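Take a look at the structure below.
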Amino acid sequence: MTSYAKDTGSEFPSVSSYRDLKVQESPGYWAMVRKRILRDPVTLISAAILLVIILSAILAPVLAPYDPYVGNIMTRMKPVGFEGHLLGTDETGRDMLSRLLFGGRLSLIAGVVPVSIALLIGGSLGITAGFFGGLVNTVIMRVTDVFYAFPSILLAIAICGMLGTGLFNTLLSLTLVFIPPIVRISESVTTQVRNLDFVEAARASGAGSFALMRYQVLPNVLAPILVYTTSLVSLSIILAAGLSFLGLGVSAPAAEWGLMLNSLRQMIYIDPVLAALPGVLIFATSMCFNLISDGLRSAMDVRLKV
Amino acid sequence: MKKSVTGKIAALLIGTMLSAGTALADGGTLRIAMTSSDVPVTTGMPNNGFEGMRFLGYPVFEPLVDWDLSSADKPADIRPGLAESWEIDPEDTKRWIFHLRPDVEFHDGSAFDADAVVWNLERFFDETSPQFDQAGSAIVRGRNPILDSWEKIDDMTVAITTKYPASYFPYIMSYMLIASPAAFETANSDWNEYGKAPSGTGPFKVTNVTPRVSVELSRNDDYWNPDRIAKLDHIQLFPMPEPTTRLAALRSGQVDWIEVPPPDAIPGLEGAGFNVVTNTYPHVWPWEFDTTEGSPFADVRVRQAANYAVNREGIVALMNGTAAPAKGFFDVDSPLFGSPENDYTYDPEKARALLAEAGYGPDNPVHAKILTSTSGSGQMLPVQMNEYLQQTMAESGFDIDLEMTEWGSLLVALRNPPGTAPTMDADALNISFASSDISYLAKYFHSKNASPVSQNWGAFGTPETDALLDQIETTFDAEKQAELTAELHAKIVDQAPWLFIVHDLNPRAMSEHVKGFVSAQSWFQDLTSVYIEE
Amino acid sequence: MIGQVPTTGADRMQRILADARDRGGPGQPMLILKDIKRHFPIRKGVMNRTVGHVQAVDGVSLTVMKGEILGVVGESGCGKSTLSRLMMRLVEPDTGEMIFDGDLVDDKVGLTTRRLRRQMQMVFQDSFSSLNPRMPIEETIAFAPMMNGSSRSDAIAAARALLDQVGLSAAMFARRYPHELSGGQRQRVNIARALAVNPRVVILDEAVSALDKSVEAQVLQLLIRLQEEMDLTYVFVSHDLNVVRYISDRIAVMYLGRIVETGSVDEIWDNPRHPYTQALLASIPSLDPDRRTMAAPIYGDPPNPINPPSGCRFRTRCPFAETCCEMHDPAAVTLPGSSAHAVSCHMENEASGHSRVGTNARIAEVTQ
Amino acid sequence: MLSFILRRLLQAIPILFGVSVMVFLMVQMIPGSPLDLLLPPDASPQLIEQMKEAYGFDKPAWQQYLLWLWQLLHGNLGYSIFNGAPVADELFDALGNTFVLAIPAAFTGFGLGILLGVSAALSQGGPLDKLLSAIAITGVSLPHYWFAIVMVVIFSVNLNWLPAQGMQFTGVPTTLAGFKSMILPVITLSLIPMGVVARVVRAAVLEVMSQEFVNTLHAKGLWDRSVLLHVMKNAAPATLAVMGLQFGYLLGGSILVETVFNWPGSGNLLNLAIFRRDIPVMQATIIVLAAFFVLLNLIVDIAQALIDPRIRR
């Protein structure tokens, strides 16, 4: 660019002298968010618990004392604390600890994968609809309305029921379930942001649609969309487990918390503690995601002053 | 006014007398939790397999040839039902003559006679008749593939001809129940309407049907056989596919009787004062292999390997002793078991060796998909048991996929040949079967009964076994028949058209108030002797 | 066409014309709007039919001379903001044309919107919503140059220089986020952002309206200094007559989507001819006892822009309204003896048939 | 207002149309001929043809769709392939049974949710707020079908207070036993709406309370009914919207609870139909539930517009 100061003869130094200017760093938005989260014990504890769950799922092959798919019929249904089986054994004599560790993998996948894919698809669609408005918006939003006309569990069950059981179909049906709400949220957030003056200003500066989206709109819509999505992960875990519980989700002998809950249901009168374990883990994981979502939401709320 | 007062007094008096009268005959109400996921249809041809027959078949409707369910000590056999007697036409071994029981009335008051029998035969076997019933027909024809034609000889005599001679035909006739034609008129010739107020000849009549919720049966005081007039006033039947739900319902006093309690809960139930009744009955819980081209089980070595790969003792342990190992269609102790070359012990090494011979190995396991139901008549605990099988068979080189469906859908799959849509690409069906008589051997193992004709789903058949079966069908001498049957059975064990797994011991749990129940060695039970004692 | 006089000194004009981007030469106005219209449809009812239009801008013709500051003044809702956005092409006009330094602004045959915006920039009213909350301010300022091909390091260095120029220490403020700044500081950033592409024209849409009085004065001074230093042309849109008078060379008065009077600051101030202009001036709380009025000069709210009055838009509130005002739209008349003062009022047009033609009627006389 | 209602009604039509297309397409994905369930194993070709004709399966898909839609518009939901019963009979019975649970569950969940939400907001930041918010978040994080089983163990089997399963009445409960059989399913079903509504109400009330004039009134000691009323009125649209959605989820999501409690509702029917591949029942159940959901959203929109005229666009 040309220098603004040169013709004016003003007291300002030349532009080039600004190249190496020492600039005072500002903590910035994310630093503020980080600071707020660090002051929020509930979110920190939830994150820590979740981290433990995620790590143990990832490290399941290392941590698990037994093969989660091989049991010994002679030591079936042993209670928590039974010798050699810290958390007991299930109805076919498989080690509960190992199955719970491995089960976390499928349950977390069932929670995170559909929501992530739905975020990718639904977020793009919603942001596109909100950003361009007009006919594009109408087409995307009306189609979304149709999907949105199904209560989420009903849609998941219907799709799984028709496609058949299995992990892939579970993930597919849950993805389809989460696209419409994400499209809606993304669209409404984007429409709001798009009508703010700074986007107009950026447009007035000659930026193309892509640059506007990339630099002006996206950074401002991603955070609220992400926060909303985090709470969906919790719902996804519960729904996936619910599908398995109905016999429509992943199929036996997969180690998955919902499926384990279903097959251990029979043991609830015999060993309630054992039967409750997968339920407790589903609950804990989903609770953590919800609490983290809440924590992020209030930490990202600009109206609150630091 | 006056009249009304006297009327009231009269009503009161009569009421007192009536209640006194009923108090004498008060057998109470028996509430039963079934394993089916729906109320079996009440049109006289119940679906939901033999559980449907057990509760909404024989108690309400009767066959020409009935079952004797009065003893717990010996396998139940057939006895005269709506036919007083039957014999083979001396000139034609395919023609059976049934002499009908006189003075029998349907619940609606209409008379039972040869026309009623013909009308019912048309219901199932004549697609052009107005009373043709697709759903019922599908079930009856599956169980009775050999009926060819019929003729009314006189009002009380009917002749039925089979497609080929079959010594066991009376057994097959026990699965066709007789419903009232008159009631069909009342129901505007609509089987669906009929099911709301059906009419049979049995010791109970259907008095209330709430779809998917319950059926209420009430005692038929006018039952033709005074010895079998029911003691119970009412029976309420509830579908409860979830074992846990059944257990909770029994333990919380919502029902008096549950079918198939979870085996692990049995000690607890007994400890809490419930009676758990078990008895042997002609039951086998197998995988029925698809033996046609393209299935891994087309190869006899794979089928045998599978039989060696199963830890039957493990399943018995899993079932907490409510099952017995099965090494063939019949129990090993049965005289009909014969002497097969293969003794299917748990022998993974032998299984692996057989698989290696058939071209499989550790890096190339046998991939197979098993279709089963989550619950159902005689299915025991299909999910857990199959999961266990899947687990143990993996050691011997089987990579098993499980597909769970609903009991009704599994029955439909059984009626359709492998590879068709209802079978969901399964390589084997896990469905339990009756093994009560030799009629089943032909149904399950003769190539002429390959699905969709009858229940030989996997289209098994060898010239040798077919020939033996043909011979048995035309052998009317009992001793000779038994000899041939044992010979056939040994061959079937060696050919392994099924994965023989266990025989069920048929656990059912009931509250201590349930009295008079005799656990027959049969799929069916007599409820007329049962009563509730508070 | 409303007559023009140059308001810019010869030295400045020399510098302005020395800009390599100048095409039209000294006689060519920087910006000409010809009969620009923009109506927004109103949808209503079961079928979402269009039942009417908000006639936001309804036939505006305006000339902006090189190097001048044109003030556009009017009540809120009169279409000022739409006019600013129309000039920036953030809103497309329904009809009418715009000529920038001799070039027709048209994406197909003339100056493209993109190229127009390299020479013309805008400062928005709301200092907060016009800054990206997730961007450090130097990046907001550097955004436009980067979009127009500057390297990142050049653009950032230039942005920092600009920050110093608009009175914010770059060393302190460059990496700050909008929520860490005060309203006045944010508006300085907005100005810097507008200047970052080195524009020739800046449209200031209520740029100081939201600021406290003391801050407003500082920003106005900054704007004046920048205009002089950088040889800019301003279109200064505001509802605040005092501010407009303070900063402008010329003033255009807008009422209900139309321009009713234009002229130099002095002419408008000393000799307002349109009754509306007079009313506006009379409403200013003045420190000058001579100009103090007691009564409210005009009554009522402006009419609904969806269904504006026929003929003269102001007639419903004008004490001099007559039949001809209802029948005909008044045309702009250039006052004799003053080439730059034009009024759209029947009272200035001898052919109109208005009874007060030539009487120089004063609204204050009627209302007092 | 009337034109707003009419416009929203008209907007619902294309959505319902889209829903019907989607349901039909989903069902088309099921492999195989549904008639296999109904025909005798050795059915003659004539019979097969006859049945195909009766169910319309001999026609191309688009014709089948139009036929189905036409019948649907005439209130004919077809016949179950599995047992030949008219779908409408079974479905409306089942829906009635679901409503009998969903309505009290909605009242319980919404009532408790509003109570929790308002109380939490009024004691914002305090220990009561923390406790109530924890209860609310537990409501949305619990796998409710699992919680149902736990309750059965406690209240039915161990304490023997409430029945473990089943619907002990037809239509509406008139006996004590009938009421008792509703308690556990209703509690289970009301968990999620309770949690969701509590969270939304808390946020909405806090939002309104942060407005300046409420603070002013509050500061003046005018913390009386009119302020509360104002807060309620302003928090109502958001609350209503979420309640509408939640009621829809109660209808659709009852499937899990109905399975646990063996309750003969629409979820149970759908579950059975899915496992039986009973296409007419599946189609009808899904589309009727979706139609209810659309209708519900419509009612919520209208109610919102009644409360807050700004929403009318």
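By convention in this document, chain letters (A, B, ...) are assigned in the order of the sequence lines, proteins followed by strands, and residues within each chain are numbered from 1. Computed over heavy atoms, backbone and side chain alike; hydrogens, waters and symmetry mates excluded. On a predicted model such as this, the values are computed, not experimentally measured, just so you know.
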Item checked: Backbone N/O of A:Y215 and side chain of C:N132: donor-acceptor pair under 3.5 Å -> yes
Per-residue contact mode, [X] against chain A (heavy atom under 4.5 angstrom):
| X | value |
| --- | --- |
| C:M135 | side chain |
| C:R160 | both |
| C:R115 | neither |
| C:R89 | neither |

Looking only at non-hydrogen atoms, find the nearest pair between [X] and [Y] and report the distance.
| X | Y | result |
| --- | --- | --- |
| C:S130 | A:A201 | O-CB, 4.4 Å |
| C:R134 | A:A223 | NH2-CB, 4.4 Å |
| C:L90 | A:R203 | CD2-CD, 3.8 Å |
| A:A211 | C:F143 | O-CZ, 4.2 Å |

Item checked: Residues in side chain to side chain donor-acceptor pair (under 3.5 Å) contact with C:D101, at least two apart in sequence or another chain -> C:K66, C:R200
Notebook entry, point to check: More than 12 foreign heavy atoms under 6.0 Å from OH of C:Y177: is that the case here?
Noted result: yes
Note to self: Other residues, nucleotides and ligands only: do more than 12 of their heavy atoms fall within 6.0 Å of CZ on C:R23?
What the structure shows: no
Margin query: Strictly less than 4.5 Å between heavy atoms, which residues of residues 122-133 of chain A line up against chain C? Please order them by number.
Written below: none
Check: Could you name the residues of residues 191-199 of chain A that have a heavy atom within less than 4.5 Å of a heavy atom in chain C?
Finding: A:L196, A:D197, A:F198
Margin query: A:I58: which residues meet the side-chain contact (heavy atoms from CB on, under 4.5 Å) condition with it, sequence neighbours left out?
Written below: A:I54
Mind ranking [options] by heavy-atom pairs under 4.5 Å with chain A and telling me who comes out on top?
| options | value |
| --- | --- |
| C:M147, C:M172, C:R117 | C:R117 |
| C:A194, C:S169, C:P178, C:A170 | C:A170 |
| C:M122, C:Q121, C:Q125 | C:Q121 |

Note to self: Any non-hydrogen side-chain atom of C:H179 less than 4.5 Å from a side-chain atom of A:M32?
What the structure shows: yes
